[in-house]
Protein chains: 2
Amino acid sequence: MTDYKIQNVDAIRDSAGQACSMLKILANEDRLMLLCQLTQGEKNVGELEAATNIQQPTLSQQLTILRKDNIVKIRKDGKFNYYSIASDEVIQVMQTLGSLYGCNK
Amino acid sequence: MTDYKIQNVDAIRDSAGQACSMLKILANEDRLMLLCQLTQGEKNVGELEAATNIQQPTLSQQLTILRKDNIVKIRKDGKFNYYSIASDEVIQVMQTLGSLYGCNK
DNA sequence: ATAATAATTTATAAATTAATAATATATAAA
DNA sequence: TTTATATATTATTAATTTATAAATTATTAT
């Protein structure tokens with residue numbers, strides 16, 4: 001190839017890396033469905049199950065992934081576990097996606 | 001679980017599906033780097049290689065994926081292939097990501 | 001024609017993610 | 001304290017994605 005000017009490739013890759021780890025988590029239909037629901041506010045697992053038709057163990061699994069990456073936070077109340085979105089970045093991306101695909105309507 | 005009201009789950013899943021197929025393509029560090037570059041305008045493969053340090057066959061492979069999903073379009077000029085972003089949705093998402101992580105600066 | 005440059009394609013192994021089923025834990029009600 | 005409900009965890013297999021290397025095509029210049 002010809003010689004072109006190289007400018008702060010590492011900085012760009014670093015940004016891309018950060019954005020990418022978030023996108024990898026969003027890039028799953030179940031998780032996206034769950035986050036869609038949570039953009040409307042806190043919901044417990046049963047509510048999420050009813051709103052998404054995702055079977056319970058799968059749902060719990062995906063919530064665990066979201067929890068571990070600090071995308072959502074949990075609040076326990078009796079035998080119910082309530083989830084809500086914890087990441088401002090995710091809220092913003094979900095907003096953009098919602099306006100493009102209507103997935104948070 | 002308790003019984004909750006179910007409303008248009010299928011419609012939401014459909015939206016999530018669409019958004020998800022786009023996110024799956026963005027959720028790769030190399031592809032994201034390339035799209036970052038292309039938000040600045042059309043670039044040929046050599047320029048993309050220099051700007052990203054992605055080795056050429058990998059780069060070509062990822063561009064093929066982006067092309068097949070109509071995320072980018074190609075313009076051939078002599079022995080150079082110029083790429084640019086073809087999807088308005090992707091432009092919007094990249095813009096949001098750029099404002100959050102600075103990856104299109 | 002031959003060589004050089006720009007880019008793509010193909011193949012394969014390794015790694016990651018998703019799908020599914022079974023089991024376990026925690027809280028509350030009977 | 002047994003039972004039911006809500007939720008989480010673990011294990012296993014299947015599928016998808018990524019990484020890497022080798023070979024090929026296309027265009028231009030010599």
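Letters A, B, ... are given to chains in the order of the sequence lines, protein chains preceding strands, and every chain is numbered from 1.
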Side-chain heavy atoms of N44(B) within contact of N81(B), under 4.5 Å: no

With B for base contact, S for sugar-phosphate-only contact and - for none (protein heavy atoms under 4.0 Å), nucleotides 23-30 of chain D reads ----BS--

In short, salt bridge (charged side-chain N to carboxylate O under 4.0 Å, His left out) pairs touching residues 13-41 of chain A with sequence neighbours left out are R13(A)-E29(B), R13(A)-D30(B), E29(A)-R13(B), D30(A)-R13(B)

The nucleotide from dA18(C), dA19(D), dA7(C) with an atom nearest the side chain of K24(B) is dA18(C)

Regarding I54(A), tell me which of base, sugar-phosphate or nothing describes its non-hydrogen contacts under 4.0 Å with the strands shown. nothing

Tell me: CZ of R75(A) to P of dA26(C), nearest whole Å? 20 Å

How many angstroms lie between atom CE of M94(A) and atom CD1 of I71(A), to the nearest 0.5 angstrom? 10.5 Å

Would you check if D77(B) and Y82(B) make a side-chain contact, meaning some heavy-atom pair closer than 4.5 Å? yes

Round to a whole Å and report the spacing from CG of N44(A) to P of dT5(D). 16 Å

Considering only dT9(C), dA18(C), dT20(C), which nucleotide approaches the side chain of T58(A) most closely? dT20(C)

From T96(A), V90(A), L97(A), residue fulfilling side-chain contact (heavy atoms from CB on, under 4.5 Å) relative to V93(A): L97(A)

One should read off an interatomic distance between S15(A) OG and L32(B) CG, to the nearest 0.5 angstrom, of 9.5 Å

Can you tell me how far P of dT16(C) sits from CZ of R31(A), to the nearest Å? 15 Å

Tell me which residues in residues 61-70 of chain A lie within less than 4.0 Å of DNA chain D, going by non-hydrogen atoms. Q61(A), T64(A), R67(A)

How close or far is atom P of dA6(C) from atom CG of L48(B), stated in whole angstroms? 14 Å

Between C1' of dA15(D) and CG of N28(A), the distance in whole Å: 14 Å

May I ask you to verify if any side-chain N or O of Y83(A) is less than 4.0 angstrom from the OP1 or OP2 atom of dA8(D)? yes

Qualifying residues under side-chain hydrogen bond (donor to acceptor under 3.5 Å, both in side chains), relative to S84(A), sequence neighbours excluded: none

Taking OP1 and OP2 of dA8(D), is either one under 4.0 Å from a side-chain nitrogen or oxygen of N81(A)? yes

Using whole Å, report how far CG of L59(B) lies from C1' of dA6(C). 12 Å

side-chain hydrogen bond (donor to acceptor under 3.5 Å, both in side chains) involving S21(B) - partner list, sequence neighbours excluded: none

Rounded to whole Å, the CG-C1' distance (D30(B) to dA19(D)) equals 10 Å

Pairs meeting criterion salt bridge (charged side-chain N to carboxylate O under 4.0 Å, His left out) with involvement of residues 34-43 of chain B, two or more places apart: E42(B)-R75(B)

Between C1' of dT16(D) and CD of E29(A), the distance in whole Å: 15 Å

